[in-house]
*Asks:* 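Let me give you the structure first, and then I'll get to my questions.
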Protein chains: 2
Amino acid sequence: MDNKKLIGDLLHAHGLKKTPIRTEMLALFMDHDFALSASDIVAKMTAGHDRVTIYRALSSFEKHGILHRASEDGQGIKYALCGQHCPDEPHTDKHAHFICDECHQTYCLEDVKVPKANISNEFSVTGVSYTLSGICKQCNR
Amino acid sequence: MDNKKLIGDLLHAHGLKKTPIRTEMLALFMDHDFALSASDIVAKMTAGHDRVTIYRALSSFEKHGILHRASEDGQGIKYALCGQHCPDEPHTDKHAHFICDECHQTYCLEDVKVPKANISNEFSVTGVSYTLSGICKQCNR
DNA sequence: ACATAAAGTGCAACAATGTTGCGTTTATCG
DNA sequence: CGATAAACGCAACATTGTTGCACTTTATGT
Ligand SMILES: [Mn+2]
Ligand SMILES: [Mn+2]
Ligand SMILES: [Zn+2]
Ligand SMILES: [Zn+2]
């Protein structure tokens, strides 16, 4: 697990400081294949850090195109890592997401493309979101 | 505007009581072509009613298939009227929705169908949501 | 019209998410 | 090493949504 190196490079590449908190946060994202909310992170962090710090780091990561919003239901926003090809700024996904009704995890469906919108040109479409729900692969077996 | 009659019938058809608050709420939904949140409703109601009452009415309407969730971003849930053919229970939409980045209104795109999901059968899909964003027809002109 | 039961309402209290301001600490770079 | 900007922690706050409980209103049947 030389994620440590990767994370340092990632932060540095975006002009962000490599602090223990942010390093641990990004390690958490790399260790999970589902999206994480601010409170998920607070719960999984070893030391007890302030919620505000986590919120600000998430915002910063989103602003720099390191994380994207994978889902935002009533219970809050869940983030997931962006791909290496993602632009260095906030952006919408080109892939679909799946929310499990049982375990409430959100998965990125990297290989399911968001369908093209077919809509009256009275509307200017700049973002599209395609979210599936049901029972995930884990809960299904 | 004989919506009054329609509303009475609608409530009665679902075994709900026809109270002034619920009547006014449904009238509000009929008078707008975009979705409304609980706080939108509180603000638009003539008398000052308790938020809790509005929340409970919205839940009841959703449970009976009178309203559906048109969007739920971080700022809350917005509801819109269901079609006449909708089942008498909570259900997911078959149409897309549009969220304006400028006025922040949510519109039902009744004639834009939600694309069929094409996904690994490790996942059991029971719901699909397709949400577009950008600039709406009002803000565009 | 009246009694009754069920549904709806209001108030208080609470939990969770997310924000802002401000003073302090820490990382990075010359 | 010292300066600067970023990051952190704390307190305080706003908003959304929930729950419990007592009270009121609506619908129903006699
Ligand atoms: Mn994703
Ligand atoms: Mn709709
Ligand atoms: Zn699951
Ligand atoms: Zn608009």
Side-chain angles (χ1 to χ4, degrees), chain A residues 4-5 7-27 35-64 66-67 69-79 88 90 104 106, chain B residues 4 7-27 35-64 66-67 69-79 88 90 99 104 106:
Chain A
K4 281 282 149 51
K5 178 76 164 53
I7 291 171
D9 292 350
L10 184 58
L11 288 169
H12 188 260
H14 289 90
L16 302 176
K17 291 185 177 173
K18 184 189 163 201
T19 67
I21 292 180
R22 292 181 172 210
T23 302
E24 190 179 354
M25 282 178 66
L26 291 180
L36 301 174
S37 68
S39 45
D40 288 340
I41 293 168
V42 170
K44 288 177 193 292
M45 296 277 282
T46 54
H49 300 290
D50 197 284
R51 294 184 309 122
V52 175
T53 302
I54 309 299
Y55 279 113
R56 286 200 261 239
L58 289 173
S59 295
S60 175
F61 292 159
E62 183 188 18
K63 186 168 64 177
H64 287 86
I66 296 174
L67 296 180
R69 296 181 182 217
S71 70
E72 39 186 326
D73 51 6
Q75 317 322 320
I77 304 170
K78 295 195 175 187
Y79 295 89
D88 188 11
H104 303 110
T106 297
Chain B
K4 281 283 149 50
I7 292 171
D9 291 350
L10 184 58
L11 288 169
H12 189 259
H14 289 91
L16 302 175
K17 290 185 178 174
K18 185 188 163 202
T19 68
I21 291 180
R22 294 180 171 210
T23 302
E24 190 179 354
M25 283 178 66
L26 292 179
L36 301 174
S37 68
S39 45
D40 289 339
I41 293 169
V42 170
K44 288 177 191 292
M45 296 277 283
T46 55
H49 299 290
D50 197 283
R51 293 183 311 122
V52 175
T53 303
I54 309 298
Y55 280 113
R56 286 200 262 237
L58 289 173
S59 295
S60 176
F61 292 160
E62 184 188 18
K63 186 168 63 173
H64 286 87
I66 296 173
L67 297 179
R69 296 179 181 218
S71 70
E72 39 185 326
D73 51 7
Q75 317 321 321
I77 304 168
K78 295 195 176 189
Y79 294 89
D88 187 9
I99 302 178
H104 303 110
T106 298

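Proteins come first, then strands; the chains are lettered A, B, ... in the order of their sequence lines, and each starts at number 1.
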*Asks:* Quick check on D:dT25: is either OP1 or OP2 less than 4.0 Å from any side-chain nitrogen or oxygen of B:T19?
*Replies:* no
*Asks:* Below the 4.0 Å mark, does C:dT9 have OP1 or OP2 next to a side-chain nitrogen or oxygen of B:R22?
*Replies:* yes
*Asks:* Measure the distance from CD1 on A:I54 to C1' on C:dT19 and round it to the nearest whole Å.
*Replies:* 15 Å
*Asks:* Send over the distance from A:Q75 CD to C:dA15 P, rounded to a whole Å.
*Replies:* 16 Å
*Asks:* State, yes or no, whether a side-chain contact exists between A:I54 and A:M25 at a heavy-atom distance under 4.5 Å.
*Replies:* yes
*Asks:* Can you tell me if A:H12 touches the phosphate of C:dC29, counting only side-chain N or O atoms and a distance under 4.0 Å to OP1 or OP2?
*Replies:* yes
*Asks:* Does B:R56 make a side-chain donor-acceptor contact with the base of D:dG17, cut-off 3.5 Å?
*Replies:* no
*Asks:* Compare side-chain N and O positions of A:S39 against OP1 and OP2 of C:dA16 and report whether any pair is under 4.0 Å apart.
*Replies:* no
*Asks:* Does D:dT16 have its OP1 or OP2 closer than 4.0 Å to a side-chain nitrogen or oxygen of B:S37?
*Replies:* no
*Asks:* Do B:H64 and B:L16 have side chains that get closer than 4.5 Å, going by heavy atoms?
*Replies:* yes
*Asks:* In this structure, how many angstroms lie between the P atom of C:dG8 and the OH atom of B:Y55, rounded?
*Replies:* 19 Å
*Asks:* On DNA chain D, does the nearest nucleotide to B:L16 precede the nearest nucleotide to A:D50 from the 5' side, or the other way round? Give the residue.
*Replies:* A:D50
*Asks:* Write down the distance between CG (B:D73) and P (D:dG17), rounded to a whole number of angstrom.
*Replies:* 10 Å
*Asks:* Is the base of D:dA5 touched by the side chain of A:K17 through a donor-acceptor pair closer than 3.5 angstrom?
*Replies:* yes
*Asks:* So, OP1 or OP2 of D:dC8: does either fall under 4.0 Å of a side-chain N or O from A:H49?
*Replies:* no
*Asks:* Going by an N to O cut-off under 4.0 Å, is there a salt bridge joining B:K44 and B:D40?
*Replies:* no
*Asks:* Nearest-Å distance, CD1 (A:I21) to P (C:dT25)?
*Replies:* 15 Å
*Asks:* In whole Å, what is the span from the CD1 atom of B:I77 to the P atom of D:dT18?
*Replies:* 7 Å
*Asks:* How many Å lie between NZ on B:K78 and C1' on D:dG17, as a whole number?
*Replies:* 16 Å
*Asks:* Among the candidates D:dG17, C:dG18, D:dA27, find the nucleotide nearest to the side-chain atoms of B:R51.
*Replies:* D:dG17
*Asks:* Find which nucleotide of DNA chain D each of A:S60 and A:V52 is nearest to by heavy atoms, and output the residue with the more 5' nucleotide.
*Replies:* A:S60
*Asks:* Between A:I41 (CD1) and C:dG18 (P), how many Å, whole number?
*Replies:* 11 Å
*Asks:* Side-chain contact, heavy-atom cut-off 4.5 Å: A:K78 with A:R69?
*Replies:* no
*Asks:* Would you check if A:H104 and A:D73 make a side-chain contact, meaning some heavy-atom pair closer than 4.5 Å?
*Replies:* no
